[in-house]
2 protein chains.
Amino acid sequence: MTKQPPTRPRGEAMRRHILETALRLFSGAGYFNTSIHDIRREAGVSIGAIYHHFGNKELLARALYDDLLQRMDGDIQRAIASGEGTRAQCLAVIKKLFTLTEEQPATMSFILLAKHREFLSDHPSICSSQPFMAMRGVLERGMAQDEVRAMDPWVAATAMFGGALRMMNLALDGALESPLESYLQEVAECGWRAVKA
Amino acid sequence: MTKQPPTRPRGEAMRRHILETALRLFSGAGYFNTSIHDIRREAGVSIGAIYHHFGNKELLARALYDDLLQRMDGDIQRAIASGEGTRAQCLAVIKKLFTLTEEQPATMSFILLAKHREFLSDHPSICSSQPFMAMRGVLERGMAQDEVRAMDPWVAATAMFGGALRMMNLALDGALESPLESYLQEVAECGWRAVKA
DNA sequence: GTCTATAATCCGATAGAC
DNA sequence: GTCTATCGGATTATAGAC
């Protein structure tokens, strides 16, 4: 009993706590409408702690973005690995994307809707990030095996997943009546018809 | 010869001049990275003129957004009216969207990529704006005439146009090698296969 | 209507104690 | 590592002359 759970997280735990708070505020009000002082107040930590762990506001956003994108990349890779054949893999990817959107809307909102160029100066655009390249890769392999019609790989990827991504935007904007999962089969079927051989 | 063309626009002309300058800066650096003083300097007008015509920065952005969206709505409506049948109408819409993206990237970037929620507080989301509702309407009529498979109207609209919109995002991010128009036929074909009866 | 000058506020970042 | 107090600067918006 020498170790008491501290009221406030310290060290690495505090770092994660700050990241979680920043995600909530960034995705709610936006990066520019959220000040360091807002994060400080909401997280119940000091300004000094934030600057100690992240250096400045932009680096905090970058750390958050990298963290979320890496987690999403793992999810997408696992979804792809879980399926046999292009069609099943694409369905698994869309299913995972829909689940993430419903269960972690703040995360998906930050990744999909944020104009990262505005505060992540030299970061590569979201299109060329790992998870999106992996999705494109599925279609390219599908083409090599004649499961997918021969076409430009970008066109194939956007045709297969573009509808799903738009539906996620609609869900995040609160424009859909039913939960996103209820559209899964229809959306995946449309995507597949768009590209199948 | 009593009337000399003024070096700097005045009145309504100045209003438009300010809107054009704001669009260029907003779509380049983003709304929050653009200050009133930036617009003042770039447009060669005074702070007073800006506040006289628009009231404050947020109202300036709102006026710009409404203006661009109304113009886009007219373009989309005309594109729809130019075609016979669902397939031709959808092709015309995508063709117009691609042309606009290439010829007026600042406009399309501002409309598509901006997180308007961050600075247009109570504005309806982009999904429920006129041009996007019109695109959904095309698919609904197509369903009524059995040209399009029966399905949720949102799913049909995102399946038909989602790929095209993603391609526009890629083009605006500079991720595509060829001009957007060169993908037109493939993109439209994919969208149509996704929804056709 | 358009201008200049200035006010009021807020923000990101730093300094230094503990 | 975490805290409090504070600085310097930038930004939005206003006041008032022309």
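Order of the sequence lines fixes the chain letters, A, B, ..., with proteins taken first and strands second; residue numbering starts at 1 for each chain. Only heavy atoms go into these numbers, but all of them, side chains included; no hydrogens, no water, no symmetry mates.
Atom CZ in B:F54 sits about 14 Å away from atom P in D:dA13, given to the nearest Å. In this entry the distance linking NZ of A:K57 with P of D:dA10 reads 16 Å, nearest Å. The CD1-P distance, from B:I47 to D:dT11, rounds to 11 Å in whole Å. B:H37 places its NE2 atom 13 Å from the P atom of D:dT14, with the value rounded to the nearest Å. The CD1-P distance, from A:I18 to D:dG1, rounds to 13 Å in whole Å. Across the protein-nucleic acid pair, A:D38 atom CG and C:dC11 atom P stand 7 Å apart, rounded to whole Å. Between the C1' atom of D:dC3 and the CD1 atom of A:I50 lies a distance of 12 Å, rounded to the nearest Å. For the pair A:N33 CG and C:dC11 C1', the computed distance is 13 Å after rounding to whole Å.
Under the side chain to side chain contact (heavy atoms under 4.5 Å, CB included) criterion, A:H53 pairs with A:M14, A:R15, A:I18, sequence neighbours left out.
Taking the six-membered ring for Trp and thresholds of 30 and 60 degrees, B:Y65 and B:F110 have ring planes more than 60 degrees apart, a perpendicular arrangement.
In this structure, A:L170 and A:Y183 have side chains that are not in contact, with every pair of non-hydrogen atoms separated by 4.5 Å or more.
The backbone N or O of B:M72 lies less than 3.5 Å from no partner atom in the side chain of B:D75, so there is not a single donor-acceptor pair.
Under a hydrophobic clustering in which Ile, Leu, Val, Met, Phe, Trp and Tyr are joined whenever their side-chain heavy atoms come within less than 4.5 Å, directly or via other members, A:L59 and A:Y31 fall into different clusters.
Phosphate proximity of C:dT2 to B:H53: present, with a side-chain N or O under 4.0 Å from OP1 or OP2. For D:dC3, the OP1/OP2 oxygens have a side-chain nitrogen or oxygen of A:S46 closer than 4.0 Å.
Side-chain atoms of A:M14 lie closest to D:dT2 of the nucleotides D:dT2, D:dA13, C:dC3. Taking only side-chain atoms of A:Y51, from C-beta outward, the nucleotide of D:dT12, C:dC3, C:dA13 with the closest atom is C:dA13. Distances from the side chain of A:H52 to the nucleotides C:dT14, D:dA13, D:dG1 place D:dG1 closest. Here the nucleotide nearest the side chain of A:S35, chosen from C:dA13, C:dC11, C:dT2, is C:dC11.
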